[in-house]
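Here the structure comes first, spelled out in structure tokens, and everything after it is commentary.
In what follows, every heavy atom counts, from backbone to side chain, and hydrogens, waters and symmetry copies are set aside.
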Amino acid sequence: RDSISYFSNPDRFVANRSARLGPIFLTYNFFKPTVICGGQANVQEFISGTELKSKVIHPALPDIFMELHTKWGTLNLDANDNVFKESRRLFADVLSSLEASKQYAQAADQEIEEFVINLEKRVRSNPGEPIYLVPELKSLCLQIFAKIFSGEGLTKEQEQQFMDYNNALLSITRNSGQYKKGRAALDDLKEIM
């Protein structure tokens with residue numbers, strides 16, 4: 001029941017439980033006990049590095065999510081492991097420095113401006129044509145991400161593979177078509193990227 005309530009609206013789930021139980025509470029998400037830590041002070045304490053001082057065993061996420069995230073996914077690494085610490089240190093400049101953020105913002109601004117100009121042209125040329133923003137914005141975000149981190153855009157097939165992979169992360173069973181498509185997409189993407 002907790003998992004379904006969480007899936008349907010995570011923010012509402014946490015807000016309702018926090019109101020009843022306080023900012024730190026136990027729930028069962030994805031059939032595993034999960035401690036939720038909320039509130040500014042608690043979150044600040046967690047992100048300040050105290051989570052590295054105590055052993056984090058496994059996040060409470062479905063096994064399929066953990067599998068598809070691969071062994072190198074941040075959620076699958078022990079925060080106390082030297083490989084985790086070293087990779088965080090090595091990638092800090094690339095992923096979270098102020099200089100990197102400026103470059104990412106410039107690349108995103110360029111793509112967003114081009115998207116908006118194109119969208120405006122389409123609307124002006126055919127005001128009655130329906131526009132489905134959600135798929136277009138998903139595509140835009142994937143293209144921005146790809147261009148920032150690889151220097152080139154994705155094909156439509158690669159975009160679909162990323163979406164199939166993402167959809168598979170919360171599959172309930174490995175027998176589902178959703179999981180199988182996502183697993184195949186991950187395997188294909190790993191070969192070409």
Side-chain angles (χ1 to χ4, degrees), residues 6-14 40 43-44 46-47 51 59 61-62 64-77 79 83-171 176-193:
Y6 182 82
F7 272 135
S8 67
N9 189 330
D11 292 332
R12 183 180 62 213
F13 173 82
V14 172
Q40 284 186 335
V43 171
Q44 183 59 40
F46 181 79
I47 64 173
E51 82 276 15
L61 292 166
I64 289 173
F65 183 98
M66 301 297 286
E67 171 195 329
L68 292 176
H69 233 256
T70 77
K71 70 179 183 178
W72 297 108
T74 300
L75 297 173
N76 285 338
L77 294 173
V83 172
F84 176 85
K85 290 176 185 177
E86 184 66 13
S87 64
R88 278 288 173 102
R89 190 183 67 71
L90 288 171
F91 286 107
D93 287 342
V94 175
L95 298 176
S96 60
S97 70
L98 183 57
E99 184 59 33
S101 295
K102 286 178 184 176
Q103 290 180 7
Y104 302 157
Q106 287 173 348
D109 285 348
Q110 182 180 346
E111 294 295 318
I112 292 168
E113 185 174 341
E114 187 178 309
F115 174 80
V116 170
I117 289 168
N118 184 347
L119 180 62
E120 181 184 17
K121 284 179 186 175
R122 288 174 26 214
V123 169
R124 288 187 188 279
S125 69
N126 191 354
E129 179 186 353
I131 295 175
Y132 302 99
L133 279 179
V134 171
E136 289 189 33
L137 292 174
K138 278 185 184 179
S139 173
L140 175 65
C141 290
L142 285 167
Q143 292 296 339
I144 289 171
F145 181 82
K147 288 176 182 176
I148 286 173
F149 292 105
S150 75
E152 56 188 59
L154 301 171
T155 66
K156 287 295 178 192
E157 180 185 12
Q158 290 166 337
E159 276 188 27
Q160 187 59 54
Q161 287 174 315
F162 272 104
M163 287 188 264
D164 290 344
Y165 165 75
N166 194 55
N167 291 337
L169 289 172
L170 296 176
S171 299
S176 72
Q178 183 181 30
Y179 169 81
K180 290 174 183 174
K181 279 176 68 174
R183 177 82 247 179
L186 174 62
D187 292 341
D188 288 346
L189 288 166
K190 283 168 52 178
E191 279 186 35
I192 60 174
M193 303 236 157

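Of all heavy-atom pairs spanning N9 and R12, the tightest one is OD1-N, 3.0 Å. Contact between S171 and I64 at its shortest, heavy atoms only, is O-CD1, 3.4 Å. Closest of all the heavy-atom pairs between L68 and L186 is O-CD2, 3.5 Å. The shortest heavy-atom contact between Q143 and G153 is OE1-CA, 3.1 Å. In terms of heavy atoms, Q161 sits closest to L189 at OE1-CD2, 3.6 Å. The nearest pair of heavy atoms linking Q158 to I192 is NE2-CD1, 3.1 Å.
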Give the intermediate values and the outcome of side chain to side chain contact (heavy atoms under 4.5 Å, CB included) for residues F115 and L137.
CA-CA 9 Å; F115 174 80; L137 292 174; 3.9 Å; yes
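Of the inter-residue distances, the one linking I112 atom CD1 with L119 atom CG reads 12.5 Å to the nearest 0.5 angstrom. Residue R183 holds its CZ atom at 9.0 Å from OH of Y165, rounded to the nearest 0.5 Å.
Partners of S101 under the side-chain contact (heavy atoms from CB on, under 4.5 Å) rule, at least two apart in sequence or in another chain, do not exist in this structure.
The salt bridge (Lys or Arg N to Asp or Glu O under 4.0 Å) pairs that include a residue from residues 123-138 are E120-R124, R122-E136, where partners are two or more places apart or lie in different chains. Counting only residues at least two apart or on different chains, the salt bridge (Lys or Arg N to Asp or Glu O under 4.0 Å) pairs with a member in residues 104-114 are E111-K147.
The backbone N or O of F162 lies less than 3.5 Å from no partner atom in the side chain of N166, so there is not a single donor-acceptor pair.
Annotation for F145: atom CZ does not count as buried by contact number, only 12 or fewer foreign heavy atoms lying within 6.0 Å.
Looking at E157 and D188, their side chains never come closer than 4.5 Å, going by heavy atoms from C-beta outward.
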